[in-house]
Student: 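There's a structure below that I have some questions on.
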Amino acid sequence: MTIPAGPYAASTQSAPVTEPELSPEEQQFNDLIAADSRIEPRDWMPEAYRKSLVRQISQHAHSEIIGMQPESNWITRAPSLKRKAILIAKVQDEAGHGLYLYSAAQTLGTSRDDMTDALIAGKARYSSIFNYPTPTWADMGSIGWLVDGAAICNQVPLCRASYGPYGRAMVRICKEESFHQRQGFEILLELMQGTEAQRQMAQESVNRWYWPALMMFGPPDDDSPNSAQSMKWKIKRHSNDELRQRFVNMLVPQAAVLGVTLPDPDLRWNDETQMYDLGEIDWTEFHEVLAGRGPANAQRLQRRRDAHDEGRWVREAAAAYAVKIAARKKNASAADSKDLAS
Ligand code: FAQ
């Protein structure tokens with residue numbers, strides 16, 4: 001015999017009373033996330049999801065644009081025509097990545113102008129790594145091997161980010177980053193097979209870039225305010241520490257091929273965890289860089305401001321040209337309609 005449902009049966013059996021009822025749009029959003037499907041620009045999304053995406057994607061775009069500076073420093077001094085051509089292409093790729101990412105952020109309703117204004121006003125974040133100087137040619141090798149290497153580790157999972165335009169931009173970016181990483185590795189390999197002075201230059205550069213590259217993955221998991229929600233929304237797929245560990249596991253055998261030493265005396269294989277144990281990261285340095293007090297923060301921002309000012313006439317000319325073309329098209333279509341009518 002079926003017992004007739006009492007007045008509270010539905011709420012106590014199928015949904016806990018504490019859970020507020022979801023709107024159909026919100027339910028659909030949750031279903032898409034649960035099904036590992038994609039959220040597209042016209043889909044409904046919680047305001048906090050939109051904000052968090054704008055936060056992450058715009059920071060990422062700014063990183064690519066500011067990230068052009070440390071390497072462009074060496075374009076005029078690259079040791080051969082081949083190296084110069086490769087470096088120009090790489091720096092140009094980073095500009096392209098910035099543009100894909102600004103476009104992805106724009107689909108969330110924020111404007112490129114607003115993002116740029118925030119950057120040049122010093123209010124927006126960009127990756128800590130680009131606040132370190134590049135005094136030697138070997139730094140081009142270390143940036144490719146360590147910085148692009150860290151970027152790939154962090155960004156391959158972002159290809160599956162729940163927000164469609166971000167995930168799709170990441171697919172293309174990762175293909176290019178993978179080339180960047182190999183060219184950096186190859187620069188270091190060539191130096192390590194060179195003279196004693198070249199080997200020292202490579203090792204000294206790896207010593208300077210190793211720890212800042214580990215900081216690129218963000219603060220430790222127990223000090224990462226955005227991670228939990230970001231992972232629930234499937235924007236991030238792995239925690240900061242997980243990706244940092246994955247990166248080091250990948251680096252150790254590559255360092256052995258290069259013949260460089262990773263500057264961590266506590267780095268050793270752990271049989272139990274089947275991973276490398278790492279030494280302490282200097283999080284004070286990380287927070288100093290984030291607060292604008294890194295070795296090259298002021299210089300990077302000033303260069304970006306100058307470039308923005310120097311490029312004003314180009315933006316104005318492009319806007320005036322767009323108005324002219326639009327007017328020409330409008331006149332042409334008005335003339336066509338007149339012809340058809342007569
Ligand atoms: N630098 O709660 P979490 C590249 C901030 S592109 C500066 O853990 P989340 C290519 C974080 O924003 C490199 N700030 O944050 C290239 C947050 O502040 P907020 C850029 C950092 O978002 C190569 C606060 O700390 N890549 O290299 C950093 O869950 C060569 C608390 O942190 C991306 O942007 C940092 N390192 O995780 C170009 C990848 N770490 O926003 C040229 C996409 C954390 O609350 C040459 N982004 N913060 O004010 C991500 O995957 C994430 O946003 C993380 C941070 C992992 C960076």
Side-chain angles (χ1 to χ4, degrees), residues 60-103 126-127 129-156 169-206 208-210 212-213 216 250-251 254-255 257-260 296 299-300 302-304 306-308 310-311 314-315 318:
H60 194 166
H62 297 327
S63 304
E64 302 280 356
I65 297 301
I66 297 278
M68 294 162 73
Q69 293 185 34
E71 285 168 293
S72 62
N73 180 35
W74 274 92
I75 288 175
T76 54
R77 290 174 292 150
S80 69
L81 184 59
K82 184 183 108 180
R83 291 293 180 198
K84 191 190 287 267
I86 294 172
L87 196 57
I88 291 174
K90 180 183 190 289
V91 172
Q92 190 172 286
D93 282 352
E94 310 300 357
H97 298 173
L99 299 190
Y100 308 153
L101 289 164
Y102 282 130
S103 301
Y126 58 87
S127 182
I129 194 73
F130 301 117
N131 293 305
Y132 291 85
T134 47
T136 72
W137 168 251
D139 292 340
M140 301 303 98
S142 295
I143 291 187
W145 181 45
L146 296 172
V147 176
D148 286 282
I152 297 172
C153 258
N154 167 262
Q155 292 172 16
V156 166
M170 291 317 306
V171 171
R172 195 156 164 190
I173 291 175
C174 284
K175 283 188 186 155
E176 292 175 355
E177 299 292 24
S178 158
F179 157 74
H180 295 169
Q181 198 231 3
R182 283 170 213 194
Q183 69 83 41
F185 183 89
E186 207 254 333
I187 290 177
L188 290 178
L189 189 64
E190 199 168 296
L191 290 174
M192 289 305 290
Q193 290 170 351
T195 62
E196 183 49 30
Q198 286 172 319
R199 278 196 291 279
Q200 274 178 18
M201 187 203 277
Q203 182 63 59
E204 186 276 333
S205 170
V206 169
R208 275 185 289 111
W209 289 92
Y210 176 75
M216 286 175 71
M250 183 191 90
L251 278 187
Q254 295 181 358
V257 173
L258 285 174
V260 294
Q299 180 190 334
R300 298 289 182 244
Q302 190 54 49
R303 179 72 200 99
R304 185 68 199 86
D306 292 346
H308 190 69
E310 285 158 18
V314 179
R315 293 192 297 279

Student: Look at the side chain of R300 and the backbone N and O of F130, then say whether any donor-acceptor pair between them is shorter than 3.5 Å.
Tutor: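 Yes: the side chain of R300 pairs with the backbone of F130.
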Student: I66 versus R303: any side-chain heavy-atom pair under 4.5 Å?
Tutor: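 Result no, sub-4.5 Å side-chain heavy-atom pair not found.
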Student: Using the ring-ring contact (aromatic ring centres under 6.0 Å, His included) criterion, which residues pair with Y102? Sequence neighbours excluded.
Tutor: H62
Student: Hydrogens and angles aside, do R172 and Y100 bring a side-chain donor and acceptor to less than 3.5 Å of each other?
Tutor: yes
Student: Measuring from atom CG of N154 to atom OG of S127, what distance do you get when rounded to the nearest 0.5 angstrom?
Tutor: 9.0 Å
Student: How many angstroms lie between CG in L191 and CD in Q203, if you round to the nearest 0.5 Å?
Tutor: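 Result: 12.0 Å between the selected atoms.
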Student: Just checking, any donor-acceptor pair under 3.5 angstrom between side chains of D306 and Q302?
Tutor: yes
Student: Scan for salt bridge (Lys or Arg N to Asp or Glu O under 4.0 Å) pairs involving residues 173-188, sequence neighbours excluded, and state none if there are none.
Tutor: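 Pairs touching residues 173-188 that pass the test: R83-E186.
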Student: Can you find a pair of side-chain heavy atoms, one from M68 and one from R304, that are under 4.5 Å apart?
Tutor: no
Student: Locate the shortest heavy-atom distance separating A202 from L188; write the atom from each residue and the value.
Tutor: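 Result for this residue pair: CB-CD2, 4.0 Å.
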Student: Report yes or no: does S103 contribute a side-chain atom to a donor-acceptor pair with the main-chain N or O of L99 at less than 3.5 Å?
Tutor: yes
Student: What's the spacing between Q181 CD and Q183 CD if we round to 0.5 Å?
Tutor: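 Here the rounded value is 10.0 Å.
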Student: Check the pair E94, I65 against side chain to side chain contact (heavy atoms under 4.5 Å, CB included), reporting the backbone distance first and the verdict last.
Tutor: CA-CA 7 Å; E94 310 300 357; I65 297 301; over 6 Å; no
Student: Looking only at side chains, do S142 and S205 share a donor and an acceptor under 3.5 Å apart?
Tutor: yes
Student: Q200 and side-chain hydrogen bond (donor to acceptor under 3.5 Å, both in side chains): which single residue from E204, E196, Q198 fits?
Tutor: E196
Student: Write down the atom of M216, the atom of A150, and the distance for their closest heavy-atom approach.
Tutor: SD-CB, 3.8 Å
Student: Strictly distance-based, threshold 3.5 Å: is any side-chain N or O of K84 a donor or acceptor partner for the main-chain N or O of A78?
Tutor: no
Student: At what distance, to the nearest 0.5 angstrom, does CG of L258 lie from CD of E190?
Tutor: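 Output value for this atom pair is 12.5 Å.
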Student: For residues V91 and S72, report the shortest heavy-atom separation together with the two atoms involved.
Tutor: CG2-N, 4.1 Å
Student: Would a distance-only check, ignoring hydrogens and angles, find a side-chain to backbone donor-acceptor pair under 3.5 Å from W74 to T134?
Tutor: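 Yes, the answer is positive, given that a donor and an acceptor are paired below the 3.5 Å cut-off.
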Student: What is the distance from atom CD1 of I152 to atom OG of S178, rounded to the nearest 0.5 Å?
Tutor: 5.0 Å
Student: Could you tell me whether the side chains of N131 and Y126 share a donor-acceptor contact shorter than 3.5 Å?
Tutor: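 Yes, a side-chain donor-acceptor pair sits under 3.5 Å.
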Student: Tell me, do W145 and I187 make a side-chain contact under 4.5 Å, heavy atoms counted?
Tutor: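 No. Closest side-chain heavy atoms not under 4.5 Å.
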Student: Are side-chain heavy atoms of P70 and D139 found at a separation under 4.5 Å?
Tutor: no
Student: What are the two closest heavy atoms between M201 and A138, and how far apart are they?
Tutor: O-CB, 3.5 Å
Student: Can you check whether F179 reaches D148 side chain to side chain, under 4.5 Å on heavy atoms?
Tutor: no
Student: Do R315 side-chain atoms and H308 backbone N/O form a donor-acceptor pair below 3.5 Å?
Tutor: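 Judged by distance alone, yes, a pair lies under 3.5 Å.
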Student: When rounded to the nearest 0.5 angstrom, what distance separates NE2 in H180 from CD1 in I173?
Tutor: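 One finds 10.5 Å between NE2 of H180 and CD1 of I173.
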Student: Is the closest side-chain heavy-atom distance between I75 and E71 below 4.5 Å?
Tutor: no
Student: Between R199 and Q193, is there a donor-acceptor pair closer than 3.5 Å when you use the side chain of the first and the backbone of the second?
Tutor: no
Student: How about F185 and Q254: do any of their side-chain heavy atoms sit closer than 4.5 Å?
Tutor: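 F185 reaches Q254 side chain to side chain.
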Student: Answer yes or no: is there a side-chain heavy-atom contact under 4.5 Å between V260 and Y210?
Tutor: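 Contact flag for V260/Y210 side chains = no.
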